[in-house]
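Lettering follows sequence order; numbering is per chain, from 1. Source: prediction; values computed, not measured.
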Protein chains: 2
Amino acid sequence: MKALEPFYQQMGIREPALRQAIEKHGFVTAHVAQERLIKTGEYIKVLKILLQGRVRVFQESEDREILIYYLSQMETCTLSLSACFGDCQSTVSAIVESNQAQVLNIPVRYVTDWCHQYPSWNHFTIDTFRHSYQVLMESYSMLAFKTLNERLWEYLTNNACPSTNNVVLMSHQQIANELGTTREVVSRLLKKLEKQQRIRLGQKSIQIIYSS
Amino acid sequence: MKALEPFYQQMGIREPALRQAIEKHGFVTAHVAQERLIKTGEYIKVLKILLQGRVRVFQESEDREILIYYLSQMETCTLSLSACFGDCQSTVSAIVESNQAQVLNIPVRYVTDWCHQYPSWNHFTIDTFRHSYQVLMESYSMLAFKTLNERLWEYLTNNACPSTNNVVLMSHQQIANELGTTREVVSRLLKKLEKQQRIRLGQKSIQIIYSS
DNA sequence: ACATACCTGTGACTTTTGGCACAAGTGGTC
DNA sequence: GACCACTTGTGCCAAAAGTCACAGGTATGT
């Protein structure tokens, strides 16, 4: 499977036997935009590694949502990894954001076995946890100590695309879902930022103005 | 070191060579109440495993604090574990809550080496991450979707000691520091709960009343 | 008994966030 | 053009959380 070469590279997976095992037991699936890869409450039976595309992983509660993280090319869903080590239900949902996505699926039992057999797989596992833990920690801290206004500004600056003039292409509702709040609140805070000349608002587009 | 036997048991550490290595390179330190084990911003050079006592791990920001987790007997500080795999500064503080505490310290480089050498150590590492990740996830979700009132009630019921008539022995300030808010807010919410006959208030003590 | 430090309660007010309702704009499609 | 789904703006009000200020209680040490 040539599609896996970049993944091997990125993760430092070298052992030929491991590569063979991945190719034997893993299978690649293709998905379209908006498709749900994981639903809250579902039992997780395979580890999902995103080969191509972009996936949003979030928690939901009644009518609210909050972002946990995005998966980009060659990233692993930490939560499905976590689930592999003790079979449990998912507490999150995952949805395809890009036009299409390619996912490498690995049945759970191999995931744990390989940790013992292949150092590079083990390293990959630990590293995934470590990274995710730190990211979640940072989010937790932001949520606890920062106002929505600050979190919004941070979100915008982190997601503004420099190649398109620092624009974020999202609706207010989408942003509200990232931050765990409601549309009206986001609309109002954005309006305030616009009055302060820190952003320019358009249809589904927010341009960040860096005065510096 | 006989003090380590319960730790070995609990973590399933069997390999004699590993036990020897732990006893050779690890060292046990004793601490008193209120002592700081880790300070925010500090570089972490040893993995800390709590053999005895109780330690509070929390984040702070200006005049606020929020609980990350408690360490009890035989538990490992996940954050120091995380730090072992890529040297970085601590984003949290840890403080001894019990009268005294005993900590097993293991220099970082062994922590990573042993993962490759000893299956049970590796298992211990992954399990620690997995567990902590789930706990943090749950906290994150609570913080995002629940009101302070709900979080307070949950905190009280989780921390009420059944052996002492469901009493929580803490000041309002301490509770505020667990939940990431201020003393006055906690005082008022507690008063409201008392009026609803769900708790009884005393000096540094809150008794939960289960009407069921 | 007095000083001191900490703990609790609460009034008054502000800021932040959320919820409801409705108006108007945008962009597609049939 | 008519219809539809989605998007944005905003007035109005309510709930949740935070801030400031101060009074009085409790516990402890000298």
Side-chain angles (χ1 to χ4, degrees), chain A residues 33-34 60-67 95 97 140-156 167-207, chain B residues 33-34 60-67 95 97 99 141-156 167-207:
Chain A
Q34 302 307 312
E60 47 193 339
S61 161
E62 286 146 50
D63 53 344
R64 295 272 187 97
E65 296 183 1
I66 191 165
L67 180 69
I95 199 166
E97 286 263 300
Y140 186 63
S141 181
M142 290 285 291
L143 194 52
F145 298 129
K146 304 285 182 184
T147 64
L148 199 44
N149 203 357
E150 295 171 294
R151 292 198 296 125
L152 173 60
W153 177 250
E154 167 128 348
Y155 183 83
L156 291 175
V167 164
V168 180
L169 293 171
M170 294 175 82
S171 75
H172 299 180
Q173 182 63 64
Q174 284 174 304
I175 295 172
N177 287 345
E178 304 291 64
L179 300 177
T181 184
T182 60
R183 201 265 313 165
E184 297 92 318
V185 174
V186 170
S187 286
R188 269 191 275 267
L189 292 177
L190 284 174
K191 209 66 201 169
K192 211 170 74 185
L193 287 173
E194 192 183 39
K195 278 183 187 138
Q196 296 167 355
Q197 312 265 330
R198 299 168 73 189
I199 58 174
R200 242 187 295 276
L201 294 174
Q203 272 288 114
K204 286 192 99 173
S205 105
I206 297 155
Q207 185 183 10
Chain B
Q34 302 307 314
E60 47 194 340
S61 161
E62 284 145 52
D63 53 343
R64 295 275 187 94
E65 296 183 2
I66 193 166
L67 179 70
I95 199 165
E97 286 262 302
N99 289 335
S141 179
M142 291 285 289
L143 194 53
F145 299 129
K146 304 286 182 184
T147 64
L148 198 45
N149 203 358
E150 294 171 294
R151 292 198 296 125
L152 173 61
W153 177 251
E154 167 127 348
Y155 182 82
L156 291 175
V167 164
V168 180
L169 293 172
M170 293 176 80
S171 74
H172 300 180
Q173 182 63 66
Q174 284 174 304
I175 296 172
N177 287 346
E178 305 290 64
L179 300 177
T181 182
T182 60
R183 202 265 313 166
E184 297 92 317
V185 174
V186 170
S187 284
R188 267 192 274 267
L189 292 177
L190 284 174
K191 210 66 201 168
K192 210 170 75 186
L193 287 171
E194 192 183 39
K195 279 186 186 135
Q196 297 167 355
Q197 312 264 330
R198 298 169 72 189
I199 59 173
R200 243 188 296 275
L201 294 174
Q203 272 287 115
K204 284 191 102 172
S205 105
I206 298 154
Q207 186 183 10

Undergrad: Could you pull out all residues at least two apart from A:Glu62 that satisfy side-chain contact (heavy atoms from CB on, under 4.5 Å)?
TA: none
Undergrad: If the sugar-phosphate is the primed atoms plus P, OP1 and OP2 and the base is the rest, what is the B/S/- string for nucleotides 5-18 of chain C, using protein heavy atoms under 4.0 Å?
TA: --SBBBBB----SB
Undergrad: Provide the start and end nucleotides, 5' to 3', of the part of DNA chain D that has atoms under 4.0 Å from heavy atoms of chain B.
TA: D:dA17 to D:dT26
Undergrad: Quick one: salt bridge (Lys or Arg N to Asp or Glu O under 4.0 Å) pairs with a partner in residues 172-189 of chain B, sequence neighbours left out?
TA: B:Arg56-B:Glu178
Undergrad: For A:Lys192, give me all partners under salt bridge (charged side-chain N to carboxylate O under 4.0 Å, His left out), at least two apart in sequence or on another chain.
TA: none
Undergrad: My understanding is that only residues two or more places apart in sequence, or in another chain, count here; which of them pass side-chain contact (heavy atoms from CB on, under 4.5 Å) with A:Ser61?
TA: B:Phe145
Undergrad: Once salt bridge (charged side-chain N to carboxylate O under 4.0 Å, His left out) is applied, do any residues pair with B:Lys204, and if so which ones, sequence neighbours excluded?
TA: none
Undergrad: With sequence neighbours left out, which residue pairs that include part of residues 141-155 of chain B fulfil the salt bridge (Lys or Arg N to Asp or Glu O under 4.0 Å) condition?
TA: none
Undergrad: Go through the structure and list residues passing side-chain hydrogen bond (donor to acceptor under 3.5 Å, both in side chains) with B:Gln34, not counting sequence neighbours.
TA: none
